[in-house]
Number of protein chains: 2
Amino acid sequence: MAAKRSDAESKGSGRKSAPPQSGQEPRSEPSLSLERIVATAVDLLDAEGVDGLKMRRLADRLGSGAMSLYWHVDNKEKVFDLALDSVLEYRALPSIVASEDWRGDIVHMLEDWRASMLRHPWSASLLPRRALGPNILIRLELLSKTLSKAGVADADLNAAIWSLWNFVIGATITRANFELSDDDKAAAQQRLTGLSQHYPTIERSRLLLDNDWDGAFRKGLDFLLDGLAPRQ
Amino acid sequence: MAAKRSDAESKGSGRKSAPPQSGQEPRSEPSLSLERIVATAVDLLDAEGVDGLKMRRLADRLGSGAMSLYWHVDNKEKVFDLALDSVLEYRALPSIVASEDWRGDIVHMLEDWRASMLRHPWSASLLPRRALGPNILIRLELLSKTLSKAGVADADLNAAIWSLWNFVIGATITRANFELSDDDKAAAQQRLTGLSQHYPTIERSRLLLDNDWDGAFRKGLDFLLDGLAPRQ
DNA sequence: CGATTGACTCGTACGCTGTACGATGCAACT
DNA sequence: AGTTGCATCGTACAGCGTACGAGTCAATCG
């Protein structure tokens with residue numbers, strides 16, 4: 001019977017109960033809400049990783065029964081979608097609309113993007129496999145507008161955007177997952193040393209150990225941007 | 001009691017029964033083997049995706065009971081590791097050792113890498129989250145050696161390798177997942193059209209629809225390689 | 001030769017998962 | 001007072017990974 005919620009659009013809004021007009025509480029707020037569920041899901045994901053998000057555990061944290069969540073959310077998949085997009089919000093610099101420094105604008109947005117995902121290491125691997133939420137679309141729109149302004153030809157525009165997307169995604173996923181397992185890294189290098197006749201070069205350069213992710217990200221980004229629209 | 005198998009090293013080998021010396025079968029071959037399990041797992045993954053790989057279903061395909069698999073394999077995770085690495089094998093061009101065309105060698109290897117993963121769309125998203133198997137290490141070794149030969153400074157070598165890694169990973173994951181859902185893409189673009197006041201630029205360029213993945217990959221790769229070691 | 005061993009397979013069972021279904025409570029409106 | 005609709009929860013079910021122990025069969029040993 002009950003028609004369920006299922007706002008469909010975006011993550012927020014939807015609370016319908018009007019604020020109290022007079023002094024006292026007219027209705028006790030429902031204890032659950034989409035916002036609270038999503039925020040708690042993010043916390044749980046941060047703490048336990050993708051595999052650690054279980055509906056029962058999420059409900060426990062919220063102090064509710066597992067099935068209560070399904071009033072606010074269609075299924076577990078949607079929880080991932082909402083948690084993901086909620087983490088990707090971007091407030092563009094106010095300067096950005098009229099900025100002459102298109103390159104700085106792009107670098108700022110992409111570094112913020114990467115930083116946001118690294119703050120929630122589960123998010124990067126989720127992003128390419130799920131629907132594009134509004135927050136990520138805003139970033140793409142900004143990218144498109146800025147590159148266009150920078151003089152990238154219309155014919156190259158989409159390729160340019162996807163190149164930057166690919167680079168950011170790849171860099172962040174890799175960084176997030178390597179970061180989580182220092183022991184494994186050491187073990188891998190150890191194993192490498194034992195097999196140094198097979199992999200002499202990467203063994204010598206200690207590829208698996210001392211990698212300057214942040215530096216490599218900036219460098220690669222510069223290479224890419226140079227190629228896309230050479231600095232004059 | 002039984003000490004189990006658990007070869008630990010690599011994917012292959014391990015079969016111990018000697019071939020028949022005389023005319024007739026000396027022992028009936030065990031019906032299961034690591035090779036057969038891994039090959040069947042790859043098939044199942046190709047057909048049903050990551051979520052479709054269940055131990056029981058894998059056993060069904062092999063005509064065995066589910067628990068028989070655990071004699072050959074520690075757990076389900078290991079099945080993923082083995083399937084993944086088995087799909088990343090690379091036979092370098094024989095020319096490559098002495099080749100002067102370092103750029104061609106790298107492009108060839110990276111395009112082959114990407115093509116291998118696209119043939120098994122589940123593999124790309126798995127790669128950055130799992131241990132580095134021997135086949136992927138061979139590719140990294142080749143990359144390192146070739147870039148070194150191309151004149152990349154030792155100090156930049158690791159950054160260069162990871163930049164290429166990031167780009168290939170990101171491009172392949174994105175392509176593999178977008179490729180799987182044409183309907184979703186159309187729906188997204190549809191939704192975009194409805195909201196064109198929010199995303200005018202990407203709506204106009206039809207970013208979500210007509211994207212030349214292969215072309216964008218080649219372009220981005222060229223930009224990156226230009227930046228890493230400019231053509232003389 | 002019978003007894004033993006080790007490689008290999010499988011049936012059963014347990015705890016955990018996502019979620020369908022229906023019952024319940026409660027505020028607001030008719 | 002009765003009805004409606006929002007919100008919550010208990011129970012139940014099918015399916016999952018896999019621990020455990022029993023079973024089979026060839027090779028080996030005494």
Side-chain angles (χ1 to χ4, degrees), chain A residues 1-7 13-22 24-37 40-41 44-45 48-81 83, chain B residues 1-7 13-22 24-37 40-41 44-45 48-81 83:
Chain A
M1 268 189 215
K4 284 224 163 186
R5 181 74 83 67
S6 177
D7 271 341
S13 75
R15 297 247 33 68
K16 289 197 196 89
S17 62
Q21 309 271 47
S22 58
Q24 90 254 19
E25 288 270 291
R27 194 231 215 268
S28 62
E29 280 288 311
S31 64
L32 249 31
S33 73
L34 243 201
E35 291 87 343
R36 219 161 75 79
I37 291 176
T40 310
L44 184 52
L45 283 163
E48 316 257 5
V50 180
D51 293 340
L53 178 59
K54 324 270 164 89
M55 294 306 269
R56 287 180 230 256
R57 194 120 60 146
L58 180 53
D60 282 353
R61 284 207 176 204
L62 288 159
S64 78
M67 288 316 289
S68 307
L69 303 175
Y70 287 88
W71 176 260
H72 303 269
V73 144
D74 282 351
N75 50 37
K76 189 185 176 184
E77 300 275 284
K78 283 285 196 303
V79 177
F80 280 121
D81 286 342
Chain B
M1 272 184 209
K4 284 226 163 187
R5 180 74 84 69
S6 175
D7 272 339
S13 76
R15 299 250 27 74
K16 287 190 198 101
S17 62
Q21 309 270 47
S22 58
Q24 89 259 14
E25 287 272 288
R27 196 235 215 266
S28 64
E29 280 286 312
S31 63
L32 251 29
S33 71
L34 240 202
E35 289 88 343
R36 221 161 75 79
I37 291 175
T40 309
L44 186 51
L45 283 164
E48 316 257 6
V50 179
D51 293 340
L53 178 59
K54 320 273 163 90
M55 295 306 270
R56 288 179 229 254
R57 194 119 61 143
L58 181 52
D60 282 352
R61 284 208 175 203
L62 287 159
S64 78
M67 289 316 291
S68 308
L69 303 175
Y70 287 90
W71 176 260
H72 304 269
V73 143
D74 283 350
N75 49 38
K76 191 185 175 186
E77 301 274 286
K78 283 286 198 300
V79 177
F80 279 121
D81 287 341

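Any value given below was found using the heavy atoms of this structure, including those in side chains, with hydrogens, waters and symmetry copies removed.
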Quiz item: How bent is the helix from C:dC1-D:dG30 to C:dT30-D:dA1, comparing axes over its five end pairs at each side, to the nearest 10°?
Solution: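 Nearest ten degrees gives 30° for this helix.
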Rounded to the nearest 0.5 Å, how far apart are [atom1] of [X] and [atom2] of [Y]?
X	Y	atom1	atom2	result
A:Phe80	A:Asn75	CZ	CG	10.5 Å
B:Leu69	B:Arg56	CG	CZ	11.0 Å
B:Leu45	B:Asp51	CG	CG	10.0 Å
B:Ser68	B:Leu32	OG	CG	6.0 Å
A:Asp60	A:Thr40	CG	OG1	11.5 Å
B:Leu53	B:Lys76	CG	NZ	5.5 Å

Quiz item: Using a cut-off of less than 4.0 Å, is there contact between a side-chain N or O of B:His72 and OP1 or OP2 of C:dA7?
Solution: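 No, B:His72 has no side-chain N/O under 4.0 Å of OP1/OP2 on C:dA7.
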Self-check item: N or O in side chain of B:Ser31 less than 4.0 angstrom from C:dC8 OP1/OP2
Solution: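 So the side chain of B:Ser31 is outside the cut-off, no N or O lying under 4.0 Å from OP1 or OP2 of C:dC8.
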Self-check item: Qualifying residues under salt bridge (Lys or Arg N to Asp or Glu O under 4.0 Å), relative to B:Arg57, sequence neighbours excluded
Solution: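 Expected list: B:Glu48.
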Starting at atom [atom1] of [X], determine the distance to atom [atom2] of [N], rounded to an integer number of angstrom.
X	N	atom1	atom2	answer
B:Tyr70	D:dA19	OH	C1'	10 Å
A:Leu53	C:dC16	CG	C1'	15 Å
A:Asn75	C:dC21	CG	P	15 Å
B:Lys78	D:dG17	NZ	P	16 Å
B:Phe80	D:dG17	CZ	C1'	12 Å
B:Ile37	C:dC10	CD1	P	11 Å
A:Trp71	C:dT24	CH2	C1'	14 Å
A:Met55	D:dC9	CE	C1'	14 Å

Quiz item: Do you know the tightest heavy-atom contact between A:Ile37 and A:His72?
Solution: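 The answer is CD1-CB, 3.7 Å.
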Quiz item: If you look at every heavy atom in A:Val79 and A:Ala41, which pair is closest and at what distance?
Solution: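 Shortest heavy-atom contact: CG1-CB, 3.7 Å.
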Practice problem: Please work out which residues in residues 56-69 of chain B have a non-hydrogen atom less than 4.0 Å from an atom of DNA chain D and list them by number. | Solution: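 DNA chain D contact set from residues 56-69 of chain B: B:Arg56, B:Met67.
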